Asks: 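Here you go, one structure.
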There are 2 protein chains.
Amino acid sequence: MCPRQHSLVDLSKSPGAEHLRDVLDAYMVEHGMRATEQRRLIIDTFMAAEPHVSIDELLGQVRQKDARIGYATVYRTLKMLAECGIAHERHFDDGFARYELASTESHHDHLICTACGRIVEFEEPQIEDLQLAVADRYGFVVTHHRHELYGLCADCRPGETKASTDP
Amino acid sequence: MCPRQHSLVDLSKSPGAEHLRDVLDAYMVEHGMRATEQRRLIIDTFMAAEPHVSIDELLGQVRQKDARIGYATVYRTLKMLAECGIAHERHFDDGFARYELASTESHHDHLICTACGRIVEFEEPQIEDLQLAVADRYGFVVTHHRHELYGLCADCRPGETKASTDP
DNA sequence: ATACATGCAAACGTTTTGCACTTAG
DNA sequence: CTAAGTGCAAAACGTTTGCATGTAT
């Protein structure tokens, strides 16, 4: 192992992560999948990464440990994680897929700052309830949904400190 | 009841397709754009088409009248309509852009049947209010959003009668 | 007459896959 | 040993654009 430094935040040890590992192991055994060096590295890196990483971002982080890893391997590994329910694939308006660890908590949606790219998760049970009511009103049964609020976060909003007159 | 406002480009309160034509004309004049045969045909066809047409669908309909029309022309015309606020570009989960006339009153979101592709518009002011409340809670100012409910419509649901025990 | 528009085909950016080589079991 | 995984490069996919030709004004 590389005795580089002790990671400050080790999400792989947060509550729930162990269960995810179990789910993953079961899934891989069941599908005759092998635990390769690359997969281990990619999965570990993903679990320690900030939420909503893109494939490219993750690839960059992974390559700091092993520069030979290819895009396709990261791509396929993330697809696999999504397939077995450990990760969720998200498509915001920036054009590429992002992945987040499936949390044990309930469902959440997202606020996205169009200036700095910050992504904040929110939960609003009342909205969830209203969604079901709306669907019911139209005879729909909802299987999944997408709810994204785009705008400016507190740091990017004009008004904090005026003087925003550019030449 | 509604007096027809004249000449001013006031999109937000446009009552009908006729006004949209006026807005369009004004936009084209202002941008030195020409009223070509193709554009007329494409725009007329779009306005008569069902809501949420894709470029390919519209191209198909347009080619029934003039088989020489190219994809790029439809593409550019729809972009232009979106640019001047007459059409809205939507991206659902089927991978390609769809366009709808902006003629309708206030904002709406969508229910999409994942079986037959049916798209239903819904309006729910309470959800809109809650969105603003949520954004405010996180210090965000919302500029736009995306809210899509995916599921099965009444026609595609298993068990027209009841059948509520099916994962 | 000439700037704008068209239609083709090729460029794009991201995702997905075919394939020869490598490797875990 | 052999089925599964890797990395590369190329295909696929919808979207976007450069360019030679056509046309509305």
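Predicted model only: the values in this text are computed from it and were never measured. Order of the sequence lines fixes the chain letters, A, B, ..., with proteins taken first and strands second; residue numbering starts at 1 for each chain.
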Asks: For B:D109, is there an ion pair with B:R146 - N to carboxylate O distance below 4.0 angstrom?
Replies: no
Asks: Can B:F140 be reached from A:L152 by stepping across I, L, V, M, F, W or Y side chains whose heavy atoms are under 4.5 Å apart?
Replies: no
Asks: Can a donor-acceptor pair be found between the side chains of B:Q131 and A:H147 at a distance below 3.5 Å?
Replies: yes
Asks: What's the CD-P distance between A:E83 and C:dT16, to the nearest Å?
Replies: 12 Å
Asks: Rounded to the Å, how far apart are B:F96 CZ and D:dT16 P?
Replies: 15 Å
Asks: Out of D:dT6, C:dT15, D:dC8, which has the shortest distance to the side chain of A:R39?
Replies: D:dT6
Asks: Pick from B:E50, B:E57, B:E89: which one makes a salt bridge (Lys or Arg N to Asp or Glu O under 4.0 Å) with B:R98?
Replies: B:E57
Asks: Over how many whole Å does the gap from B:I42 atom CD1 to C:dT6 atom P extend?
Replies: 7 Å
Asks: To the nearest Å, give me how far apart NE2 (A:H91) and P (D:dC13) are.
Replies: 16 Å
Asks: Grab the CD-C1' distance between A:E57 and C:dT14 for me, whole Å please.
Replies: 14 Å
Asks: Which residue, B:A72 or A:R63, contacts DNA chain D at a nucleotide closer to its 5' end, judged by nearest heavy atom?
Replies: A:R63
Asks: Starting at CD of B:E89 and ending at C1' of D:dG14, how long is that distance when rounded to a whole Å?
Replies: 12 Å
Asks: Does some side-chain heavy atom of A:M80 sit less than 4.5 Å from a side-chain heavy atom of A:L24?
Replies: yes
Asks: For C:dT15, take OP1 and OP2 only and decide whether either is under 4.0 Å from a side-chain N or O of A:Y71.
Replies: yes
Asks: Could you list who else is in B:Y150's hydrophobic cluster, with ILVMFWY side chains joined at under 4.5 Å, directly or through other members?
Replies: B:F92, B:I112, B:I119
Asks: Measure from CG on B:D94 to C1' on C:dT15 and round the result to the nearest Å.
Replies: 16 Å
Asks: Between A:H91 and A:F96, is any pair of side-chain heavy atoms under 4.5 Å apart?
Replies: no
Asks: Figure out the OH/P separation between B:Y75 and C:dC8, and round it to whole Å.
Replies: 17 Å
Asks: Determine, for B:D44 against B:R21, whether the closest basic-nitrogen to carboxylate-oxygen distance falls under 4.0 angstrom.
Replies: yes
Asks: Through what angle, rounded to 10 degrees, does the axis of the helix from C:dA1-D:dT25 to C:dG25-D:dC1 turn between its ends, using five pairs per end?
Replies: 20°
Asks: Taking B:R137 first and then A:E124, would you say they form a salt bridge - that is, a charged N and a carboxylate O separated by under 4.0 Å?
Replies: yes
Asks: Which letter, B, S or -, goes with each nucleotide of nucleotides 19-25 of chain D from 5' to 3', with contact meaning a protein heavy atom under 4.0 Å?
Replies: ----BBS
